[in-house]
Amino acid sequence: MTDNGGIRDKLVAIKQAWAQAGRLLTGQTDPDREGRLPPGQRLVTNWPVLDLGLKPDISRSEWQLSIDGAVASPLTLDWNALMALPQTRTVSDMHCVTQWSRYDNRWTGVTTAHLMFLVQPLPGAAHVVMHGSDGYTTNITLERFVEDGNLIVHDHDDVPLTREHGGPVRAMIPRWYLWKSAKWLSRIEVIAADKPGFWEQRGYHNEGDPWTEQRYG
Ligand SMILES: Nc1nc2c(c(=O)[nH]1)N[C@H]1C(S)=C(S)[C@@H](COP(=O)(O)O)O[C@H]1N2
Ligand SMILES: [Mo]
């Protein structure tokens, strides 16, 4: 996708500088999740939009997701195929590294565990890269990817996910900071060796646990 007049480059430079400066780090941790709000976060009731300044416009009928790489049975899903899979509902909190948290988000979609069951990762598979249609990528271990609570989602609070929040389909990985939840999900790549994603290559942590402030690294 083409650059939108340099806005993207400016956004990227700002967030890269935050990582270098260690912005928002409190030095506190809550590894046992005793509070509900992770260290350094503040609660919002709106839902901010964060991306690279590009918002792909994809209809449900043209949306496709390919799941490939180190898998026995690669799969391409379109909207009807996605809807034919078992639908799961979850409720989770979201924590964005730029400081906001939003509670009690109700999601509808398909579990990442079910998707991996369908494609059957090969014995050496250990990592996953999620790709968005805007060129964004983010990485996660296969073990974390299939944890309970992780979905690819199409509805938020019983309303179709809007374009600005990654509709028609995005990932939702509530355990990690929100940059791990790729919007406009187009590809799930299963691989043997880890491959840092967009922000992970630009000063953000390879994992991203909000409870231990894995903001940068
Ligand atoms: N495809 C894509 N997914 C993305 C991003 C992006 O730029 N492109 N930004 C990430 C970041 S940094 C955040 S904080 C969340 C923001 O999601 P929201 O806009 O729905 O709040 O999306 C994540 N997923
Ligand atoms: Mo972010």
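Read the numbers this way: they start at 1 and go in the same order the structure lists the ligands and their atoms.
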Residue, atom name and distance, where the atom is the protein heavy atom closest to [atom]:
atom                    : value
atom 3 (N) of ligand 1  : Lys183 N, 2.8 Å
atom 11 (C) of ligand 1 : Trp179 CA, 3.7 Å
atom 21 (O) of ligand 1 : Pro48 O, 2.8 Å
atom 10 (C) of ligand 1 : Tyr136 OH, 3.6 Å

Check: [X]/[Y] side-chain N/O donor and acceptor closer than 3.5 Å:
X      : Y      : result
Ser92  : Trp107 : yes
Asp157 : Asn105 : no
His154 : Gln87  : yes

For ligand 1 and [X], I'd like to know whether there is a polar contact (N/O to N/O, distance under 3.5 Å).
X      : value
Leu50  : yes
Gly132 : no
His165 : yes
Ser181 : yes
Trp47  : yes

Select the closest option to [atom] among [options], judged by heavy-atom distance.
atom                    : options                       : result
atom 17 (O) of ligand 1 : Arg170, His131, Lys15, Met172 : Arg170
atom 14 (S) of ligand 1 : Gly197, Gly167, Cys96         : Cys96
atom 8 (N) of ligand 1  : Asp51, Thr162, Val12, Asp134  : Asp134

Are Asp57 and Arg163 within salt-bridge range, i.e. N to O under 4.0 Å?
yes
* cation_pi(Arg202, Phe198) dist<6.0 Å, angle<=45 ->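 Ring-cation test returns yes.
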| query | Is the NZ or CZ atom of Arg36 both under 6.0 Å from the centre of the six-membered ring of Tyr103 and within 45° of that ring's axis? | reply |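 Ring-cation test returns yes.
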Hey, is CD on Glu62 packed in by over 12 heavy atoms from elsewhere, all under 6.0 Å?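 Yes - once you tally the heavy atoms of other residues, nucleotides and ligands closer than 6.0 Å, there are more than 12.
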Is atom CG of Asp148 surrounded by more than 12 heavy atoms (other residues, nucleotides or ligands) closer than 6.0 Å?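 Not more than 12 within 6.0 Å, no.
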CG of Asp68 to NE2 of His131, rounded to nearest 0.5 Å, is 7.5 Å
Rounded to the nearest 0.5 Å, the OG1 atom of Thr98 sits from the CG atom of Leu50 at a distance of 4.5 Å
> How are the rings of Tyr177 and Trp179 set to each other: parallel, tilted or perpendicular (split at 30° and 60°)?
Replying inline: parallel
Touching ligand 1 at all, [X]? Heavy atoms, strictly under 4.0 Å?
X      : answer
Ala182 : yes
Trp199 : yes
Tyr204 : no

For Trp184, the ligand 1 atoms whose distance to one of its heavy atoms is below 4.0 Å: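 Near Trp184, the atoms of ligand 1 are 1 (N), 2 (C), 8 (N).
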In ligand 1, the atoms that come under 4.0 Å of a heavy atom of Trp100 are 21 (O)
